[in-house]
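Below: one structure, written as structure tokens.
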Amino acid sequence: MSWGFRWVRFFGGSSMATEQPKEMRYIPTEIERKWQKRWEETGLYRRVEDPTRPKHYALTMLPYTSGDIHAGHWYAMTPSDAAARFKRMNGYNVFFPIGFDAFGLPAENAAIQRGIHPHTWTMRNIENMRRQLRAMGAMWDWEHEAITCLPGYYKWTQWFFLKFYEAGLAYRQGGMVDFCPTCNTTLAREQVKGDDRHCERCGTPVIRKDLEQWFFRITQYAQELLDGLETIDWPEAVKIQQRNWIGRTEGARVTFKSEQGDPIEVYTTRPDTLWGASFMVLAPEHPLVDRLAAPEYRQAVEEYRFQALRQSDIVRQAADREKTGVFIGAYAVNPVNGKRLPIWVGDYVLMTSGTGAIMGVPSHDERDFAFALKYGLPILPVIARPDGLAKSEVRPGWAKPGLPEALKGAGIPFEEVDGALRLTLHGQEEIDRYVAVAQRFVAPGRWIEVVGGGWMFLFAEGTAAFDSFEADEAILARCQALAPEVPWVQGARTTMELLYATPWYRDVLLHVEYGEMIHSGEFSGTPGDRAKAEVTKWLEEKGLGHFAVNYRLHDWLISRQRYWGAPIPIIYCDKCGIVPVPYKDLPVLLPEDAEFLPTGESPLKYHEGFLHTTCPRCGGPATRETDTMDTFVCSSWYQYAYLSPYYEGDVPFDPEIGKYWLPVDQYTGGIEHATMHLLYTRFFTKAMRDLGLVDFDEPMKRLFCQGMILGEDGEKMSKSRGNVVNPDDYVYTLGADSVRAFLMFIGPWELGGNWSTTGIEGISRFLNRVWGVVVEPREGAPAQAPTEAEMRALRRLTHQTIREVTRDFESFRFNTAIAALMKFVNGLVKAKETSLYGTEAWQEAVHSLVLMLAPITPHIAEEMWERLGQPYSVHLQKWPTWDEDLAKEETITLVAQVNNRVRARLEVPAEITEEEARAAALANENVQRHIAGKEIVQVIYVPGRLVNIIVK
RNA sequence: GCCGAAGUGGCGGAAUGGUAUACGCGGUGGUCUCAAAAACCAUUGGAGGUUUGCUCCGUGUGGGUUCGAUUCCCACCUUCGGCACCA
């Protein structure tokens, strides 16, 4: 109690003083109003600095100022509150703040549609949301509320921008960006969703625009963002999503040269396949396309590029659309073998990935395979299949009679389909054996192929290995000469295309696994597990390339062409160029008199007073940047803002306060932010560390992601479905405590669940039962004193419940915690009828019950605590502890099985020995019936659980 | 296509190698009442039986490991979430 006494002493007396006849019914609305007021008056949830106690910074994701707190907020926030309260009762000094994510498009739309200023709209919404949030009865410290759209807040958002700019972490760049035509603003890559690449917010398919935009260099921390995941206690699902989003790959950068000598750099994860490269493809935007395109191809290339760029300008097609491209009339040289490679331009190569140029290795890459097959480019296997599989098909009449018998004689399995022989061969030895037999049976003027492994053509006059690009041409020519009447042979442009004509072969022509290198000059024979490393080393020695890491992660586009956001503090001067706003001039305020017109353009762009300014460097006329920042920038540092909101020092928050409270110990929120907010705030913290603002690497040590609350029909709540539940309706009738407990009871928090009207009524019934047990006096006089055993049984129930509820709380399993409390109450209802009522064991039980309910249902717990004559406040009490001895069972149900089937359940003392247990099981009548006349083979004894008699 | 989560009574769910269905909802029967609601009590996976006592079936599907699998392994199916031409 050492940490709670202060409040008890200050306020403990007052409730005693105002003694008056008590209402005996449970009236949630009255109780809730009463205690919310009292908590506020007494500052019960106010943060205190107390270095003698361990601190706990609990944080729930801040709500956006939509104007309404809905069931989703309740589902996210009330269990988070219960967890924070539990920590507090366990001796931690807890900081549990709240605030509002207040910038963003809806405010601006309201301004356009209804003529309300975004600021007015937002603050009005906040007013309403505060009221709704207070109704939850959460232990938020409202004195540290932060609202992102207030100048005192966004001054620091702008300060971060300037610091990042100085550190080279913010930069301006032109290029193709995703743009939502409905929201009229650019979007970060993360805000573009789905196959049709639609805007996250409004669903409109995005278009690509060429614009100058500001970016944060998050990629500078790509590796650290990846490595840091190992150090934090976050859900695996979030970590995996972040890992995938960062998308680290290892490979090599290899420099090819055009025949004119221009270097063409390529990034590949498969340097071991270099010898199989048969073409190169450049992204349509690649700068070398213009330079290298031969004059006679220039027009076709230009048309293709135009098409490609236009296509992405309309609606993006499905991902598996056919690969297209055009030859640009130029060639490159493969640095490893000098092979001449035609250079193509194709839109399946992305400028934003790697170097925007690839080497085409069609035998070991699905996209390259499809491309090569379509355009008749040669395909040479250079990596052996790790499974050693090979296939062969002998077409009807292509072998001399007697082959099936010979194969049987040689022990080579095959199947016959429509007169053709189909063979699946496993490993080199079997391939050799097959070749030796088949070679003798090749019909004159025909041949037999071995593909997938071995890679050879058996001609009557001898074997030709398909082991080089030269062999590719020679084999094709030979086959076409032998079979002038066969269309699929004549139609083939490459050996691989000829093989592709046989459906039986298709699944072995291409594979993407690592394996022994083949057909690769001196590297042939290099095993798959070493190939990549050895080739990379060799490339470095020869100066042809070097080891390289590539990330899928892109820099964070933060420019938004909107009014309602933090203005980017940059000035453009004709003389001085880009000039950052001096720190002393922050914040760059949003003009209040902007005009909101449905033109889609940012009002800032047409606000003369805002736009025109003087250059801080030369004093000459200059213009302001009119873009504002993505709202995710504001929410990337709000956990720091909460410490000392709208701080007036020279850094964004009070470092002394931060020293004690940071970092966040427990964060809770939705998983939908896995690759946005949760990545951005990690980036911010790392950048802040490098700026010397904090001395740790990760903002939130522990994260829990709750699931989604669905409508009664199991579908996402939406107005159009008509399944939206308004928690306020239930707060007014059943009370906030019922809503809280119900939401925690539905199921595991991380899985979400659906609302249920009968479910919440059940919870309300439960709270009424609790009230009845704790508050209502018992009718009738108590009988004689309870027995020792009865007392022990009640205490056992109490201590078992404390044990279970404590463990459940620690792992956020509120549903089972409440179930355990319900069971406890069921037991107490029965005990109340007995002479146990009023005993010490009874008092212990009732006090424990109220204490354990306090985090879940804070109002009713407080009221009952008072009525039990206990000092204010229940929320300052210590969490009850359990005694293992008292919780121990005296008897157990021993299960007697015969051959794994339950034949009897025996009540036996908990300390029963193995011998006694065996004897008791064997003595049972029903067990005897099932083992009668059979031999006992084995008896399995599981202490405290079962005896399993195995008979024959 | 790839990555992740999840499939258990009429419903939400519990049990992570040992009694499947805790707890709640819903249902059924009862008490109270003139009646109804509320509340309370009892009962409730399915099938069968010689009906307190017994037997069989049952955790998405099919295999496997084990004396024993909702739980571990393999393959598949369904639903949801994320990513998707990333070289």
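Chain naming here is simple, since letters A, B, ... match the order of the sequence lines and numbering starts at 1 in each.
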[X] side-chain proximity, nearest of [options]:
X	options	result
Met822(A)	C23(B), U19(B), C25(B)	C23(B)
Gln897(A)	G82(B), A22(B), G18(B)	G18(B)
Arg945(A)	G26(B), C85(B), U19(B)	U19(B)
Arg903(A)	G18(B), U55(B), C3(B)	U55(B)
Gln938(A)	G26(B), C67(B), C85(B)	C67(B)
Phe745(A)	U19(B), C54(B), C23(B)	C23(B)
Ile950(A)	C85(B), A6(B), C67(B)	C67(B)
Arg552(A)	U19(B), C83(B), U55(B)	C83(B)
Ala819(A)	A84(B), A22(B), G18(B)	A22(B)
Thr268(A)	G13(B), G26(B), A87(B)	A87(B)

Does [N] have a Watson-Crick or wobble mate here (both distances under 3.5 Å), and if so which one?
N	result
U31(B)	A39(B)
C76(B)	G60(B)
C25(B)	G10(B)
C2(B)	G82(B)
C67(B)	G18(B)

Answer with base, sugar-phosphate or nothing: what part of the nucleic acid does [X] contact at a heavy-atom distance below 4.0 Å?
X	value
Asn926(A)	sugar-phosphate
Arg905(A)	base
His930(A)	sugar-phosphate
Ile240(A)	sugar-phosphate
Ile746(A)	sugar-phosphate
Val361(A)	nothing
Arg243(A)	nothing
Ser756(A)	nothing
Gly753(A)	nothing
Thr352(A)	nothing

Atom-pair distance ([atom1] on [X]; [atom2] on [N]), nearest Å:
X	N	atom1	atom2	answer
Ile760(A)	C25(B)	CD1	P	13 Å
Glu750(A)	A14(B)	CD	C1'	14 Å
Ile763(A)	C11(B)	CD1	C1'	15 Å
Lys716(A)	U79(B)	NZ	C1'	15 Å
Leu821(A)	A22(B)	CG	P	18 Å
Tyr26(A)	A39(B)	OH	P	14 Å
Leu946(A)	U66(B)	CG	P	19 Å
Arg901(A)	A69(B)	CZ	P	11 Å

Go through the structure and list residues passing salt bridge (charged side-chain N to carboxylate O under 4.0 Å, His left out) with Glu907(A), not counting sequence neighbours.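 Once residues adjacent in sequence are excluded, Glu907(A) has no partner under the salt bridge (charged side-chain N to carboxylate O under 4.0 Å, His left out) criterion.
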When the [atom1] atoms of [N] and [M] are considered, how many whole Å apart are they?
N	M	atom1	answer
G58(B)	U19(B)	C1'	15 Å
C41(B)	A14(B)	C1'	25 Å
A87(B)	U70(B)	C1'	43 Å
U50(B)	C32(B)	C1'	40 Å
C40(B)	G46(B)	C1'	30 Å
G4(B)	U52(B)	C1'	50 Å

Is the ring centre of [X] less than 6.0 Å from the ring centre of [Y]?
X	Y	answer
Trp755(A)	Tyr730(A)	yes
Phe704(A)	Trp234(A)	no
Phe279(A)	Tyr375(A)	no

Heavy atom of residues 808-817 of chain A under 4.0 Å from RNA chain B: which residues? Asn815(A), Thr816(A)
Donor/acceptor link under 3.5 angstrom from Asn948(A) side chain onto base of C67(B):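 Flag set: donor-acceptor pair detected.
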Which comes earlier along RNA chain B counting from the 5' end, the contact point of Gly354(A) or that of Lys830(A), where each point is its nearest nucleotide?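 Residue closer to the 5' terminus by nearest nucleotide: Lys830(A).
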Can you work out whether Gly747(A) or Gly762(A) has the more 5'-proximal nearest nucleotide on RNA chain B? Gly747(A)
Donor-acceptor pair, His511(A) side chain versus Ile383(A) backbone, under 3.5 Å? yes
Please confirm whether the shortest side-chain N or O distance from [X] to OP1 or OP2 of [N] is below 4.0 Å.
X	N	answer
Asn826(A)	G24(B)	yes
Asn754(A)	G13(B)	no
Arg929(A)	C54(B)	no
Ser353(A)	C85(B)	no

Which heavy atom of Glu776(A) sits nearest to which heavy atom of Tyr837(A), and what is that distance? O-OH, 4.3 Å
Aromatic plane relationship, His673(A) with Phe632(A) - under 30° parallel, 30 to 60° tilted, over 60° perpendicular: perpendicular
Residue pair Val937(A) / Val951(A), side-chain heavy-atom distance below 4.5 Å: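 With C-beta onward as the side chain, the pair stays apart.
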Does Arg740(A) make a cation-pi contact with Phe814(A), if we ask for NZ or CZ under 6.0 Å from the ring centre and within 45° of the axis?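 No, a cation-pi geometry is absent between Arg740(A) and Phe814(A).
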Using the six-membered ring of Trp245(A), assess whether NZ or CZ of Arg552(A) lies under 6.0 Å from its centre and within 45 degrees of the ring axis.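 Pair Arg552(A)/Trp245(A) counts as cation-pi.
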Is the base of G9(B) syn or anti, where syn means the angle lies within 90° of 0?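 Syn, since the glycosidic angle lies within 90° of 0.
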Interatomic distance, CD1@Ile763(A) vs OG@Ser756(A), rounded to 0.5 Å, equals 10.0 Å
Go through the side-chain N and O atoms of Thr269(A) and Glu250(A) and say whether any donor and acceptor fall under 3.5 Å apart.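 Judged by distance alone, the side chains do not pair up.
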